[in-house]
Colleague: 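Please see the structure below; I have some questions.
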Amino acid sequence: MARSDFQTPPGTRDLTEPTSSRVRRLVALFAEEAERAGFGQIVPPMFEDVGVFVRLGESSDVVAKELYSFTDKGGRDLALRPEFTASVCRSFAQTRPLLPWKTWYSGPSFRYDKPQKGRYRQFDQVGAEVIGSDDPDLDTELIALAWRFFAKVGLRDVALSVNSLGDFADRPAYLDALGAYLRSNADALSEQSRATMATNPLRVLDSKRPQDAAVIAEAPILLDFLSESAAVAFERVTAGLKALGVPFQVAPRLVRGLDYYTRTTFEFAASGLDAAQNAVGGGGRYDGLVEALGGPPEPGIGFALGVDRTLLACDAEASFPAERRPIDVWVVSTTAGTEGIELVEALRNDGIRADRAYGGRSMKAQMKVADRSGASIALIMGEDEAAAGTVAVRMLRDGGGQEPIDRSRVLEKVRSLLP
RNA sequence: GUGGCCGUAGCUCAGUUGGUUAGAGCGCCUGGUUGUGGUCCAGGAGGUCGGGGGUUCGAAUCCCCUCGGUCACCCCA
């Protein structure tokens, strides 16, 4: 494998055809759905002041150990974004657009994780955020947007889990109850869970270790500690989802790893993915984040979907297949003049997908490449044609007839042959 | 970050208990007479056996380190 001196850094890869165009189509699909719902695109910088991301929660791994941070030549402490939400909130605080502010985005994020299937250090996300309204119908609408997107992509086995984390004011009482419960059952917990219990007890609920399952199953749930308004809002969300026909299950122990979440929280899991990284998307409310970034105390909600994982899930279900769109016309030219390059240029100017071989290869070699290219038509120009002012039009797909056409009428002929 | 498995041509892999010029298929290139592809035939190019060190008369084959991949935990998209 050590043919070249360099290779992509761990957790990164080159996206090439047909994957690259599949990603492009997926993003285009999302853009279409989002814009139909009134969202405008935001393209924030890929790096920000490290403080922007620290606000995400210093006890979260994403901030504590996965940040790609660095100091630039001006002495600024910066970091590659680990997600978009913080940038969107920062942008809102900076520019104060009209409310509610609805934006969608796509692009890479960076996390210094150990690579694994469906987990990369540079990974692509699409997502949408709304700042400036706490209307629970918005929660419903956002979830429905993500759901519609998955449906458009053709994913069938997506399970939607919904929970409410309540307001920040609801937390202390619950944390007390949870903490007491966990401590009294500490002996039954795994060593790692006992450790996270001290720093962030909520996250113990997320443990996938089998030995923790029993304790977690009996743990007190946040839904029982919700304030009146948070409880009402959550009911409104679930009622809305039912009304829209979006299937979901209430998952009282769904917590998610970013600390900023409040109230509605949700996650999409691809059941078709047997891998551990089966969360294809997730999101929730973050009613304190904008303020934490120096903006007004506006509420926000959003979600992000993993492009790579979504595609992985599509593979598992054989949906949204990669498409290869071959060239239409292949120009074969063995003359010494510029007839070949002129013809290719004319075809392209005319909007026809055309290509040719280089390096003065033999006609046989060029025909071989033409065939391999998937083109349906070969335009052949040898010395005979050059002399006669014609081009031989040869069909490559079905049997392959061939006829000489006057040079001036080639474009017309090609157009009539293409679908 | 912790642990398991893995690392031979562009790709998929074979390489017997360590033994002398490292193989196959696919792909690629060039030919198969007089300019024409998809089948077939014949040639050919391409490998510091991930990298480094060690053991040995001798290592792709054994040991150590390292890099990378992969899977699980963790985390989350």
Colleague: Students often get this wrong, so: under 4.0 angstrom with heavy atoms, is A/Arg111 touching a base, only sugar-phosphate, or nothing?
Modeller: base

Colleague: Strictly distance-based, threshold 3.5 Å: is any side-chain N or O of A/Asp14 a donor or acceptor partner for the main-chain N or O of A/Thr16?
Modeller: no

Colleague: In the structure I gave you, are the side-chain heavy atoms of A/Val237 and A/Arg285 within less than 4.5 Å of one another anywhere?
Modeller: no

Colleague: Counting distance alone, no hydrogens or angles: does the base of B/C29 have a donor or acceptor under 3.5 Å from a partner atom on the side chain of A/Arg361?
Modeller: no

Colleague: Quick one: is A/Arg203 getting a side-chain N or O under 4.0 Å of the B/C74 phosphate, OP1 or OP2?
Modeller: no

Colleague: Output the single nucleotide from B/C76, B/U30, B/A72 whose closest atom is nearest the side chain of A/Gln116.
Modeller: B/A72

Colleague: Is any side-chain N or O of A/Ser207 closer than 4.0 Å to OP1 or OP2 of B/C74?
Modeller: yes

Colleague: Which of these nucleotides, B/C76, B/G35, B/G68, is closest to any side-chain atom of A/Gln7?
Modeller: B/G68

Colleague: Checking all strands, does A/Thr310 fall into the base, sugar-phosphate, or nothing category for heavy-atom contacts under 4.0 angstrom?
Modeller: nothing

Colleague: Roughly how many Å is it from CD in A/Glu191 to P in B/G1, rounded to a whole number?
Modeller: 19 Å

Colleague: In this structure, are over 12 heavy atoms from other groups packed under 6.0 Å from A/Met363 atom CE?
Modeller: yes

Colleague: Drop me the distance from A/Tyr261's OH to A/Leu289's CG, to the nearest 0.5 angstrom.
Modeller: 9.5 Å

Colleague: Please determine whether any donor N or O and acceptor N or O are separated by less than 3.5 Å between the side chain of A/Arg119 and the base of B/C74.
Modeller: yes

Colleague: Scan A/Pro10 against the nucleic acid and name what it touches under 4.0 Å (heavy atoms): base, sugar-phosphate only, or nothing.
Modeller: sugar-phosphate

Colleague: Counting heavy atoms from C-beta on, name the nucleotide in B/C71, B/U36, B/C73 closest to the side chain of A/Lys117.
Modeller: B/C71

Colleague: Checking all strands, does A/Gly118 fall into the base, sugar-phosphate, or nothing category for heavy-atom contacts under 4.0 angstrom?
Modeller: base

Colleague: Looking across every strand, which nucleic acid part, if any, lies under 4.0 Å from A/Gln192 by heavy atom: base, sugar-phosphate, or nothing?
Modeller: sugar-phosphate

Colleague: Going by heavy atoms in the side chains, are A/Leu142 and A/Phe39 under 4.5 Å from each other?
Modeller: yes

Colleague: Salt bridge or not between A/Asp206 and A/Arg203? Use side-chain N to carboxylate O under 4.0 Å.
Modeller: no

Colleague: Classify the angle between the aromatic ring planes of A/Trp101 and A/Phe92 as parallel (below 30°), tilted (30 to 60°) or perpendicular (above 60°).
Modeller: tilted

Colleague: Checking contacts here: which listed nucleotide (B/G37, B/C75, B/A77) is nearest the side-chain heavy atoms of A/Arg394?
Modeller: B/G37

Colleague: What I want to check is whether an N or O donor and acceptor connect the side chain of A/Lys114 with the base of B/G3 at under 3.5 Å.
Modeller: yes

Colleague: Which ones in residues 366-391 of chain A lie close to RNA chain B, meaning a heavy atom under 4.0 Å from one of its atoms?
Modeller: A/Met367, A/Lys368, A/Asp371, A/Arg372, A/Ile380, A/Met381, A/Gly382, A/Asp384, A/Glu385

Colleague: Counting only side-chain heavy atoms from C-beta out, which of B/A77, B/U36, B/C75 sits nearest to A/Met363?
Modeller: B/U36

Colleague: May I have the distance from A/Asn278 (atom CG) to B/C74 (atom P), rounded to whole angstrom?
Modeller: 13 Å

Colleague: Kindly point out which of B/A77, B/G37, B/C76 is positioned nearest to the side chain of A/Tyr261?
Modeller: B/A77

Colleague: Mind checking if A/Glu66 touches a base, just sugar-phosphate, or nothing, with heavy atoms under 4.0 Å?
Modeller: sugar-phosphate

Colleague: Does A/Phe320, at its CZ atom, have more than 12 non-hydrogen atoms belonging to other residues, nucleotides or ligands within less than 6.0 Å?
Modeller: yes

